[in-house]
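Letters A, B, ... mirror the listed sequences (proteins, then strands); counts begin at 1.
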There are 2 protein chains.
Amino acid sequence: MSKLPEKTIGRLSEYRRTLLNCLANGKTHVFSHDLANLHNITAVQVRRDIMLIGYSTTLKKGYDVKALIDVIGNIIDTKDGLNAAIIGIGNLGRAITAYFNGKRTRLKIAATFDTDPEKTNRVISGVKCYPISEMGRIIKEQDISIGILTVPPEDAAAVTETLIMAGIKGILNYTSTSLNVSPNVYLEEYDMITSLEKVAYFVKEKNE
Amino acid sequence: MSKLPEKTIGRLSEYRRTLLNCLANGKTHVFSHDLANLHNITAVQVRRDIMLIGYSTTLKKGYDVKALIDVIGNIIDTKDGLNAAIIGIGNLGRAITAYFNGKRTRLKIAATFDTDPEKTNRVISGVKCYPISEMGRIIKEQDISIGILTVPPEDAAAVTETLIMAGIKGILNYTSTSLNVSPNVYLEEYDMITSLEKVAYFVKEKNE
DNA sequence: TAAACATTGTTATTTAATTAACAGTGAAAT
DNA sequence: ATTTCACTGTTAATTAAATAACAATGTTTA
């Protein structure tokens, strides 16, 4: 089951979100073209992704929602779940924490970190905030394997080093500082300014 | 100059951010491999992107930082600038507004919208917040062409419809609801849960 | 000055991702 | 029944993106 395309992984996560909605609305089956419409992609794309993860149905009544949720879960989730931590509990850190927690069973934000003494040693957005100085210890104690960076750009490099020393396995970097990590740490970067500038560019393009 | 690859546009935005940093640090020239290292990509990729936008240098002392910033600006920015609006000024909306404004000269967040009367008709993160009921009017008055959606997922579809009626040209959607828009509106979607799940998947992969 | 080197610009190749094409098959319609 | 239809699964073709290869050229070094 290894070697799934990166893009497919992203879509599987999205399919699951939609499927969970379907389930909540009492739908038991869903067609490939329904999923496609809900995600602005083609039905072929959906079927191909689902083929790649080895699920298939003999019925012509669409995919079994529950079964498909489980299959996707077995691909994306680990058996025992993973813990993540937010580093920098400003507006963005809070947004992510509040938005995410409780939504998934096998992935959770277990701790947050900050330098500001006003924020540390309190519970923020439902999660305890620790001083960054204790980060190494807490990460090991709580078995945290993913770090989400929402610190000011000038702190990103130093924080990353601490994270890696503490044995973090994956980093999701929301700062505008591009990071350099060894290949055994998975790194995903996202910059909101770039996204906005991209939209601006294509808006300009369309109007020419 | 048209038909630049989408990925190139994203990288140009990132190069410019780095170049502005270089300028602030007094660097006047930068090698392709310097830019590459700063972005975790190859020097070939950098040179190719720069080739595509038609900039070149005869010197073997790297690219002229200032000149390159200008060339990228002429690609990405419009002459007169574009205005964007945040819809939903919760934690995420605030984070984006505060993070973005003032960073660029030809792109700015000109207004924010919310339904909560506690928030409306006040200045939040430096920008005036209007009630969503006035969105159509304000968008036209202030010539806003980009909408950034940070509302709860259940409101996304309705807000989008209003935006499009008001003549918006591009949408950056941070809600978990996937949108359906006509092809003359540029749509970019980003979901943080998906990103986090992707990181979790690849962390799992690496440890097998 | 000439040789060695470093750097860019560009074409060719490879790889990744998407889309098209279509065979197979159960369900519905006649 | 049997024909038509609607869907799925999968291979083939296409398109987009990244990488490799290398010629051209200015710079440094001996």
Side-chain angles (χ1 to χ4, degrees), chain A residues 1-15 19 22 27-65 67-68 71-72 75 178 183 187-189 194 198 201-202 205, chain B residues 1-15 19 22 27-65 67-68 71-72 75 183 188-189 194 198 201-202 205:
Chain A
M1 187 56 55
S2 69
K3 289 276 115 224
L4 289 172
E6 186 162 335
K7 292 286 178 71
T8 294
I9 299 299
R11 284 192 298 265
L12 288 173
S13 162
E14 285 159 10
Y15 298 157
L19 291 166
C22 290
K27 277 186 75 120
T28 59
H29 293 80
V30 64
F31 293 123
S32 60
H33 57 259
D34 290 333
L35 274 177
N37 287 337
L38 291 167
H39 292 97
N40 283 320
I41 56 176
T42 66
V44 186
Q45 181 89 82
V46 172
R47 293 205 299 274
R48 202 170 200 299
D49 286 334
I50 288 174
M51 179 196 84
L52 290 174
I53 62 176
Y55 174 83
S56 79
T57 177
T58 55
L59 279 67
K60 300 281 158 176
K61 283 291 171 191
Y63 302 110
D64 182 299
V65 172
L68 189 48
V71 174
I72 293 176
I75 302 287
S178 189
L187 173 66
E188 166 121 349
E189 309 201 297
T194 291
K198 235 168 95 178
Y201 170 80
F202 285 106
E205 278 292 285
Chain B
M1 185 56 54
S2 69
K3 287 276 118 224
L4 289 172
E6 186 162 337
K7 292 286 177 69
T8 294
I9 299 299
R11 285 191 297 265
L12 288 173
S13 162
E14 286 159 10
Y15 298 156
L19 290 165
C22 290
K27 278 187 76 119
T28 59
H29 293 79
V30 63
F31 293 123
S32 59
H33 57 260
D34 290 333
L35 273 177
N37 288 338
L38 290 167
H39 292 96
N40 282 319
I41 56 176
T42 65
V44 185
Q45 180 88 82
V46 172
R47 293 205 299 273
R48 202 172 200 298
D49 287 334
I50 288 174
M51 179 196 84
L52 290 174
I53 62 175
Y55 174 83
S56 78
T57 177
T58 54
L59 278 67
K60 300 282 160 178
K61 282 291 173 192
Y63 302 109
D64 183 297
V65 172
L68 190 47
V71 175
I72 294 176
I75 302 287
E188 167 122 349
E189 309 202 297
T194 291
K198 234 168 94 178
Y201 170 80
F202 285 107
E205 277 292 285

Does C:dT7 have its OP1 or OP2 closer than 4.0 Å to a side-chain nitrogen or oxygen of B:S32? no
Query - Sub-4.5 Å side-chain heavy-atom contact between A:D34 and A:K27 - result: yes
Separation of D:dA12 atom C1' from A:M51 atom CE, nearest Å, is 12 Å
A:L52 CG to D:dT11 C1', in whole Å, measures 13 Å
To the nearest angstrom, the CZ-P distance between A:F31 and C:dG26 comes to 16 Å
Whole-Å distance, A:D64 CG to D:dT8 C1', equals 15 Å
d(A:I53 CD1, A:R48 CZ) to nearest 0.5 Å is 13.0 Å
From OH of B:Y55 across to C1' of C:dT8 the rounded distance in Å is 11 Å
Task: Audit row: A:I72, A:L19, side chain to side chain contact (heavy atoms under 4.5 Å, CB included) steps and yes/no - done: CA-CA 10 Å; A:I72 293 176; A:L19 291 166; 4.0 Å; yes
When rounded to whole Å, the CD1 to P distance for the pair A:I53 and D:dT10 reads 13 Å
NZ (B:K3) and CG (B:L52) are apart, to the nearest 0.5 Å, by 12.5 Å
Sequence neighbours excluded, the answer for salt bridge (charged side-chain N to carboxylate O under 4.0 Å, His left out) partners of B:E189 is none
Distance col, row A:R47:CZ vs A:T42:OG1, nearest 0.5 angstrom, shows 8.0 Å
Practice item. Please determine if a side-chain N or O atom of B:S56 lies less than 4.0 Å away from the OP1 or OP2 oxygen of C:dG9. Key: yes
Phosphate oxygens OP1/OP2 of D:dT8: is one of them under 4.0 Å from a side-chain N or O of A:T57? no
Per-nt protein contacts along nucleotides 17-30 of chain D (heavy atom under 4.0 Å; B base, S backbone sugar-phosphate only, - none) come out as SSBB---BBSSS--
